[in-house]
Structure formats: structure tokens, C-alpha cells
Amino acid sequence: MNLETPIENLRYAGKNYLPKLKKLGIKTIKDLLWHFPARYDDWTESGKVEDIKPNEKISIIGKVAKIENKRIFPRRMVLTTASIEDETGRVKAVWYNQPFLVNTIKPGKLFSLSGKVKSDKYGMYLQNPAYEMVKSEIRDDNLKHTAGLIPVYPETEGLTSRYLRFLIKPLLIKFSDKVPEFLPKEIIERQKILDVRTALKEIHFPSSLEKAEEARRRFAFDELFMLQLKALSERRKMQRQKSVSIKFNQAAIKNFVSSLPFELTGAQKIALWEILKDLEKPWPMNRLLNGDVGSGKTAVAMAAALETAKAGYQSAIMAPTEVLANQHFQSFSKALKDFDLKIGLLTSSGQKGEGISADIVIGTHSLIQENIDFKNLALVVVDEQHRFGVEQRASLLKKQNSSFLPHLLSMTATPIPRTLALTIYGDLDISILNELPKGRTPIETKLIPPDDRKKAQDFIREQIKEGRQVFVICPRIEITENSVSKLQPKNKQLSLKDYLKYEVKAVKAEYEKLSKEVFKDLRVAMLHGKMKSKEKEEIMSKFKNRDFDILVSTSVIEVGVDVPNATIMMIEGAERFGLAQLHQFRGRVGRGEHKSYCLLFTESPLVGETRRLRALLKTNDGFKLAEMDLKIRGPGEFTGTKQSGIPDLAMASLADVNLIKQARSESKLILKEIARYPLILKKLEEFNKKIHLE
Ligand code: ADP
Ligand code: MG
């Protein structure tokens with residue numbers, strides 16, 4: 001057996017457990033050793049029976065004198081009571097609802113117990129103590145459940161910490177001194193981190209909590225180091241690919257910028273400059289434009305596409321929804337009308353303009369269909385990039401049989417906290433728009449508890465009378481157990497189709513209520529995900545033309561829609577949405593000259609008071625909100641990172657900017673001579689297979 005041995009070969013990893021272990025991504029002995037505890041139970045205090053005191057924690061070793069089960073009828077409970085004795089006395093141990101213990105804890109046997117001491121009128125007893133059989137009264141290295149700092153592993157259905165300790169402890173004893181150290185000595189010394197063998201022992205069965213923390217830091221460093229190395233090496237790989245160098249076209253850019261009805265913000269100028277610089281390189285750009293909602297990413301993309309077109313190459317702009325593709329088609333056509341360019345639109349409902357042969361081709365997923373061939377694609381812009389998978393983007397990049405790769409500009413309106421950007425991308429190739437265009441009045445956000453509904457509706461009516469328009473977002477559907485069980489067994493995830501069905505039902509109900517009751521004198525329209533794109537587009541453009549006062553919608557409008565005359569964003573069941581999404585919704589208003597409002601309707605005053613909603617009231621700054629979101633939800637749950645496979649410890653150490661920076665500088669040094677470090681190279685290969693960064 002060695003570290004790479006599959007867990008199937010472990011005698012004690014039975015058939016019942018294998019699938020559960022696999023579900024955690026544990027395939028080999030090494031994976032098991034790298035499955036770390038979430039916390040520790042502190043059973044470091046040990047003594048004799050005579051030392052026990054009420055309400056203290058203690059570990060003792062004693063012989064089982066007696067053990068029996070008692071049924072307590074009124075409460076339908078089974079109580080297991082044991083008498084444990086050592087040379088100083090006798091104490092009771094009590095367990096609840098574990099009648100099977102009498103098969104393990106047998107009279108005459110020596111046991112080590114760790115638990116909290118309770119007392120009642122009959123005396124003191126250990127409540128639900130951890131237990132394990134021992135050979136002698138001397139505590140040795142083999143103890144795994146009692147005495148000391150005992151690891152508690154992250155909860156997973158059917159895999160108890162007791163079982164994992166049972167599996168891991170012997171492996172740790174056998175293998176921890178054979179684990180190869182992949183970090184060079186210099187790094188370990190410079191960074192003052194534990195060597196991997198010590199760290200492995202200390203993270204599972206620490207000698208102190210300080211040591212456990214040091215071990216955690218060592219493994220966090222490993223992960224951060226690998227992330228940085230990955231980012232750097234990918235960048236290097238990219239620089240070996242060929243792309244077309246598109247020379248800065250001062251005249252065209254100048255003309256474009258002065259033709260805009262506004263002045264670019266400072267952040268827009270810097271981002272555009274960074275992008276134009278990248279386009280000049282003979283290798284493909286791979287840049288992320290991370291801007292808050294309404295920060296004006298489109299204008300930046302337009303300038304890049306214009307410059308590409310003027311150099312004689314095509315650009316493709318890919319949008320996640322048809323509504324958005326249409327809107328881009330219109331705004332590109334309008335903004336670039338005096339520049340003698342052909343602009344095309346390609347969606348599943350057909351094409352407009354020149355289609356695929358245009359200078360700038362705007363579209364949805366349709367752009368990546370098999371039969372679509374570009375002439376000479378040199379720039380790909382992916383809007384709202386988090387909506388697309390890595391493969392989809394890759395296939396767009398491969399869309400032509402030419403000797404060069406197109407430049408890639410990804411745009412996202414989901415602000416990424418700086419620490420996260422630093423970790424994931426190594427802070428490379430990201431342009432940030434953290435400044436909103438001048439002259440926008442900040443959006444006023446209000447929490448509307450059920451009692452204030454009427455007042456809020458009156459306010460909406462007033463705004464509409466003044467000529468403004470209103471978005472209404474329906475609550476995200478949370479399927480209750482009742483409604484699910486009708487469809488399929490409990491705990492199963494609802495399929496997208498079923499989900500849409502529910503969503504449509506909810507939107508229709510809301511639409512009926514608003515159009516026939518609450519606002520029956522106003523013009524109300526509805527938009528949902530099951531409508532044909534033609535229908536959606538028609539409604540959107542009518543709404544833009546002010547043919548409707550109110551647009552009731554599901555989250556389909558979340559992405560990118562621009563209706564400057566809309567001043568109210570009303571969100572039903574606001575507590576059901578995530579912070580990032582709420583912020584996106586809010587960004588749909590406040591795009592014109594009029595003061596705008598975001599009204600968060602909550603279903604009960606209690607849930608309305610969540611930290612999330614309060615964060616939204618506090619600031620309009622998406623980057624600040626992202627930091628708060630990271631804090632509130634904890635790194636594990638942060639947008640999109642779960643699926644990306646970013647290691648937990650790296651995520652958990654996001655607050656430690658210093659550690660991130662150190663990992664970055666070390667990885668830079670190593671990359672220069674990476675061939676000298678075969679273990680690191682091997683690890684990088686494994687790492688690349690595991691991680692899918694967007
Ligand atoms: P997003 O970054 O969310 O995609 P858009 O590109 O849709 O934002 O821009 C939002 C609105 O702001 C558009 O109506 C756009 O014309 C306008 N806009 C963009 N840049 C500026 C600017 N520098 N000054 C004023 N308005 C701007
Ligand atoms: Mg946009």
C-alpha cells in the first residue's frame with residue numbers, strides 16, 4: 001500500500017461507506033489524509049475518577065463494572081447506563097438512544113472515556129462520553145476518540161467523525177512519515193511554515209490548538225501557492241499562442257469617444273487603455289472586465305470592437321439572453337452608426353444585418369453552433385461571463401480554422417472582492433470599473449414590511465403618474481415539501497422544467513393580482529422564461545417605448561436590461577434572493593436622469609431583517625457588497641466558487657491578504673525554474689485537472 005492506493009483496498013472502508021467517501025472526492029489514501037477536520041473537541045483534561053467535578057470536561061480510563069439499557073416510556077427514549085471504576089472510585093456514564101453500545105462496551109473491559117460531568121440527585125455522571133477500548137491504563141498513540149484534541153470532520157450524511165477517525169488514524173501513523181514534501185526547503189524556511197509531515201499529524205490530531213492553526217496555515221499556503229502558480233503558468237502558456245496584433249488606432253478611438261453623449265469615467269478610460277494595450281500584443285488577450293451594474297462596460301467593449309473592425313478583423317459579442325443580444329445590437333448599431341461598419345445579429349430566432357459576415361457579430365449561444373464559421377475573428381467579448389461555462393467560451397474561441405486565436409474580453413457585473421480576485425487570478429489581467437458615471441443620483445433602497453405595502457403601492461402609483469415606469473420581480477420559487485412531493489420524492493432536486501413551471505405560475509399570479517386588482521387602471525405587462533424569445537423581445541421593446549407602466553417579471557431581466565425611464569425596482573419576497581442578485585436587480589433602475597428607488601418587499605417582518613437586506617440598504621457599491629457577502633455567507637458559499645473547485649482552505653484564508661501575497665511571490669520565483677521541481681510540476685498537473693475557474 002502507498003499514498004496512491006485506492007480506498008477500495010482498505011479493509012475497513014466497507015461497501016456502505018465507499019460511495020459516501022467518493023462523494024467527498026476521496027479516492028485514495030492520500031485523499032483521506034487530506035480530508036481535514038472542521039474543528040476539534042477538547043478532551044485534553046485527564047484524571048482519575050476521584051478528580052471529576054460537576055460541569056467540567058474530563059478523560060478517564062477505567063474498567064466497565066456494569067452496563068444496561070433502560071427504556072424511558074413517556075419520552076420514548078433508551079438510556080444506556082454504565083458503571084466505570086478505577087482504583088480511586090466509581091462513576092456512572094450515560095448515553096441516550098444508543099442501545100447498541102451494550103454490544104461494544106462490555107463488563108470487565110478497560111475503556112477510555114471523555115465527556116462532560118453532570119450531576120443530579122443521585123450523584124455525578126459522564127454525559128454521552130466519547131469512548132474507546134484500551135489495552136492498558138497508559139494512554140498511547142493509538143487513541144483516536146478520547147483524551148486530547150479530537151478531530152471533528154465536516155458533517156456528511158452517513159459518515160461520522162468517529163468512522164473517519166477510525167479510518168484515518170492508523171493511516172496517519174503508517175503513512176505520514178512517507179508523505180513527500182513538495183515545497184522546497186527554502187520556501188518552508190522563508191515562510192516559517194510547518195513541513196508537510198508535521199502539518200499532517202498536527203491537523204488531524206494536534207498537540208495544541210496553536211499547532212493545529214499552524215498546520216492549517218501550511219495547507220492554506222499550499223493551496224494559495226498552487227492557485228497562483230496555475231494563474232501564472234496559464235498566462236505564460238497564453239503568451240506562447242498566436243493572435244493578431246491590433247495596433248492602437250488613435251483617430252478611430254478619439255472619434256468614438258467624442259461621439260458618445262457622455263464623457264467616459266476615469267475607470268472606463270483606464271480599462272479601455274488596458275484592453276487596447278492587450279490587443280496590440282501578438283498573443284491572445286484574456287482579460288476580465290469586472291464592473292458594477294451600470295458602470296458602462298458596453299461602451300468599453302464597443303471601443304475595442306471598433307478598433308478591431310478598423311484593423312480589418314471581426315468581433316463577436318456573446319450575450320446570455322436574446323433580450324440582451326437584441327439590446328446590444330441596437331445600442332452598437334446606434335453608437336457606431338457613423339463609423340461605416342457592418343453590424344450583425346445572430347440568435348436562435350434568426351439574423352439581422354449582415355449576420356455572420358458582419359464586422360461586429362452580436363448573438364447568443366447561437367454563435368457557437370457547429371455550422372457557424374467566422375471569416376477572421378480576432379476579438380471575442382463575452383458579456384455576463386458567469387452565465388457561460390468554460391467550454392462554451394472555449395468553443396467560441398476555436399470558431400475558426402485560422403493560425404491565430406482571437407483575443408478574449410470577459411465582462412461580468414458581479415463584482416469580485418479584491419482578495420478573491422487576487423487569489424483566483426493572481427490579480428492579473430483584470431480591469432475594474434468601480435466608478436459609476438457622473439450625475440447619477442444614488443438609488444434609494446427601502447425595506448417594505450407587509451404593513452407598509454399599501455403606502456408603497458401609493459408611492460408607485462405617484463411615480464407612474466409622473467411618467468416613470470416600474471419593474472416588479474417575482475419571488476424566487478422555493479418549493480415547499482408539499483408541492484414537491486406531488487411531483488417527486490422528497491429531497492430530490494426539482495428539474496429545471498418543473499422549476500420553470502412553478503415560476504411561470506407565480507409570475508402569472510402576480511400579474512393577475514397587479515393588473516386586475518392593485519393597479520387595474522395601469523398598463524401592466526408580464527415577462528417570463530417560458531415565453532418565446534420573439535414574445536419577450538416584443539414586450540421588452542414595448543416597455544422601452546413606454547407602452548407599459550409596469551413590467552412583472554421573473555429573474556430573466558436580471559441581466560443587463562437598460563430602460564432609463566424605469567425608476568422603481570420592486571422586489572417581492574426579497575429575502576429569498578441572494579445579495580449579488582438583489583444588487584443586480586437594483587442596477588436595472590437609476591440609469592436615467594430621474595431619482596430611482598429599490599423597494600424590497602418582504603413576506604414577514606422577521607425574515608426581512610436579515611443581514612443581507614440590511615447590507616443592501618447600507619451601500620450601493622457592488623464591490624463593498626461583495627466583501628460583505630463574502631463575510632456573511634462565508635467563503636464556501638460564495639457565488640460560483642463552490643462549483644469551481646477552489647480548495648476550501650484557500651477560500652477560508654481569503655482574509656489573509658499577506659499569506660496570498662507571500663504565496664504569489666514564492667510562486668513567481670518557482671515558475672522561473674519550474675523544471676527543477678518535478679514534484680511541483682506533478683502537483684500542478686493534478687491541480688489543473690481539479691480546478692475549473694471561470
Ligand atoms: P453595464 O456595465 O451594467 O453593462 P451599460 O454598459 O449598460 O452598463 O451602461 C449603463 C448605462 O450607462 C447606459 O445607458 C450607458 O449608455 C450609460 N453610460 C455608460 N458610460 C457612461 C458614462 N461615462 N457617463 C454617462 N453614462 C454612461
Ligand atoms: Mg451590461
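Remember, it's 1-based here, ligands and their atoms both numbered in the order they're listed.
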Atom indices of ligand 1 within 4.0 angstrom of [X] heavy atoms, with elements:
X    : answer
L264 : 23 (N)
E263 : 22 (C), 23 (N), 24 (N)
R591 : 3 (O), 7 (O), 10 (C)
T298 : 4 (O), 5 (P), 6 (O), 7 (O)

Looking at [X] and [Y], does any basic side-chain N land under 4.0 Å from a carboxylate oxygen?
X    : Y    : answer
D549 : R523 : yes
E466 : R461 : no
R287 : E274 : yes

Note: Q268, heavy atoms under 4.0 Å from ligand 1, region reported as side chain
Going by the 4.0 angstrom heavy-atom rule, the piece of T265 near ligand 1 is both
### Query
Do F543 and F471 have ring centroids that are under 6.0 Å from one another?
yes
- Query: Do I568 and R468 have side chains that get closer than 4.5 Å, going by heavy atoms?
  - Reply: no
Is any N or O atom of [X], backbone or side chain, closer than 3.5 Å to an N or O atom of ligand 1?
X    : value
K438 : no
V293 : no
G294 : yes

The salt bridge (charged side-chain N to carboxylate O under 4.0 Å, His left out) partners of D621 (sequence neighbours excluded) come to none
What one should report as the nearest heavy-atom pair of A319 and D383 is CA-CB, 4.5 Å
- prompt: Quick one: does S295 get a heavy atom under 4.0 Å from ligand 1?
  reply: yes
